[in-house]
Number of protein chains: 2
Amino acid sequence: MFEGFLMDRTDTSLIALRRILRATELHGKELAQAAGLTAVQFRALQIVAETGSATAKAIATRMGVTQATVTALIDRLVRQGMVERQPSQTDRRQVNIVPTAAGQRTVEEAPDALQQRYVRKFEALADWEQAQIVATLERVAAMLDAEELDASPVLATGHIHGPDDGVAGHPAQRPGPKPVAG
Amino acid sequence: MFEGFLMDRTDTSLIALRRILRATELHGKELAQAAGLTAVQFRALQIVAETGSATAKAIATRMGVTQATVTALIDRLVRQGMVERQPSQTDRRQVNIVPTAAGQRTVEEAPDALQQRYVRKFEALADWEQAQIVATLERVAAMLDAEELDASPVLATGHIHGPDDGVAGHPAQRPGPKPVAG
DNA sequence: CTTATTTTATTCGCTTAGCTAAGCAAAGGT
DNA sequence: ACCTTTGCTTAGCTAAGCGAATAAAATAAG
């Protein structure tokens with residue numbers, strides 16, 4: 001290959017990618033700060049609020065962590081009055097985590113500046129431009145995640161999709177992110 | 001999913017974005033696991049190895065955390081034989097963190113599967129496709145990060161291409177993202 | 001030159017987040 | 001009725017982060 005400029009383009013794309021990551025990373029903190037919760041807590045609350053109720057298992061799967069982690073996480077959310085535990089009647093092993101009024105409000109009122117900014121700008125684009133962006137993003141995503149990899153719209157905070165988006169699918173592979181050992 | 005009517009293009013693009021984030025997130029763990037370090041540790045080691053030496057302050061600034069955090073982080077890297085502390089002669093307050101041979105090797109040999117996969121696929125694309133991807137990614141990045149945002153190629157780890165690709169630059173501004181409160 | 005201020009790193013105590021391993025209780029199978 | 005799986009919790013550990021309090025060196029004032 002012509003090392004010269006071909007390489008340059010690869011670099012450029014990597015850097016753009018990095019900017020995207022960085023922006024989202026910072027956004028997470030920003031958003032959590034505004035809501036008075038940590039990013040992880042907010043994420044869990046979001047999942048709960050999205051469907052109105054979720055089991056610990058479901059949350060763990062969605063977040064890619066173990067149940068034990070979720071237990072502690074929910075403890076904190078309960079302590080802050082964001083969610084409540086409701087033992088399920090259909091299956092008494094399970095516990096349904098439901099948002100409190102405050103929790104629901106928190107999620108709904110979260111500024112989510114980043115996404116709003118993005119959405120605003122995206123929707124201001126011409127039709128063909130939008131189409132092109134979608135096509136490219138999907139292509140890049142495919143290049144990165146190689147195998148299929150559950151892409152539930154976790155980024156989507158409020159509004160976006162309807163209330164009862166089943167979300168069911170969730171191959172739930174990736175049993176545990178298995179982070180490094182000590 | 002309900003791509004039918006509920007899923008407009010904005011949604012689709014957000015989901016693609018989310019896939020990209022997710023892939024990178026997982027990649028961080030993967031990479032760290034291969035290197036025997038956590039993602040954060042690896043990142044710090046990377047910074048140190050990049051320039052051959054860095055003060056705690058510099059690392060803190062680059063990573064956007066406090067010095068206290070860096071101290072503990074470096075402790076762990078020292079314990080693992082990845083870096084060493086070398087008191088500076090020019091300014092006896094500061095401590096230069098330098099990589100050990102093992103640490104240097106670790107950074108250089110890090111597989112960085114994600115990036116390699118991406119680069120491989122990217123470079124297999126037709127010329128116009130590459131150009132289009134670059135243009136779109138930059139556009140999206142601009143939509144997301146709005147303001148300035150030091151976009152140094154931090155993603156670039158073992159870096160596929162040549163040994164001495166510039167990379168130097170690093171404005172090293174970014175006074176400190178002042179991460180979320182606790 | 002002496003004193004005050006700022007800078008750099010560390011230590012201490014605490015919180016969040018993550019894991020594994022053990023355990024209990026409810027559902028299901030055979 | 002007995003195992004087995006499933007769902008959640010507890011307990012104990014590590015990593016990562018913070019702020020506050022030092023300690024020591026480098027600067028700035030005086």
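Reminder, nothing fancy here: chain letters follow the sequence lines and each chain counts from 1.
Of the candidate nucleotides C/dA17, C/dA21, D/dG17, C/dA21 has the atom lying nearest to any side-chain atom of A/Ala68. Picking from D/dG17, C/dA9, C/dT16 the nucleotide with the shortest atom distance to the side chain of A/Arg79 gives C/dT16. For B/Thr69, the listed nucleotide lying nearest its side chain is D/dG17; candidates were C/dC19, C/dA27, D/dG17. For B/Thr71, the listed nucleotide lying nearest its side chain is C/dA9; candidates were C/dA9, D/dA15, C/dC12.
Atom pair B/Ile97:CD1 and C/dA9:P shows a separation of 8 Å (rounding to whole Å applied). Atoms CG (B/Asp91) and C1' (C/dT8) sit 8 Å apart, rounded to a whole Å. As rounded to whole Å, 19 Å separates atom P of C/dT7 from atom CG of B/Asn96. Atom CD1 in A/Ile74 sits about 11 Å away from atom P in C/dA17, given to the nearest Å. Between B/Asp75 atom CG and C/dT11 atom P the separation is 6 Å, expressed in whole Å. At whole-Å resolution of the value, CG in B/Leu77 and C1' in D/dT14 are 15 Å apart. In this structure, A/Gln94 atom CD and C/dA26 atom C1' are separated by 10 Å, rounded to whole Å. The CD1 atom of B/Ile59 sits 10 Å away from the P atom of C/dT10 (whole-angstrom rounding).
Here B/Gln67 does not reach the OP1 or OP2 of C/dT8: none of its side-chain N or O atoms lies under 4.0 Å away. A close approach under 4.0 Å does not occur between any side-chain nitrogen or oxygen of A/Arg92 and OP1 or OP2 of C/dA25. In terms of phosphate contacts, A/Arg76 brings a side-chain nitrogen or oxygen within less than 4.0 Å of OP1 or OP2 of C/dA17. The side chain of B/Thr66 contributes an N or O atom lying less than 4.0 Å from OP1 or OP2 of D/dC18. For the OP1/OP2 pair of D/dT27 and a distance below 4.0 Å, the side-chain nitrogens and oxygens of B/Arg93 include no atom meeting the criterion.
Shown here for B/Ile59 and B/Ala54, the closest heavy-atom pair between the two residues is CG1-CB, 3.9 Å. Listed here is the closest heavy atom pair of A/Pro99 and A/Gln104: CG-OE1, 3.2 Å.
Using a distance-only test at 3.5 Å, with no hydrogens or angles considered, a donor-acceptor pair links the side chain of A/Thr100 to the main chain of A/Met82. In this structure a side-chain-to-backbone donor-acceptor pair under 3.5 Å is present from B/Gln130 to B/Phe122. With A/Ser88 contributing its side chain and A/Gln94 its backbone, the two residues share no donor-acceptor pair below 3.5 Å.
Place A/Thr90 and A/Ala39 on DNA chain C by their nearest nucleotides, and A/Ala39 ends up nearer the 5' end.
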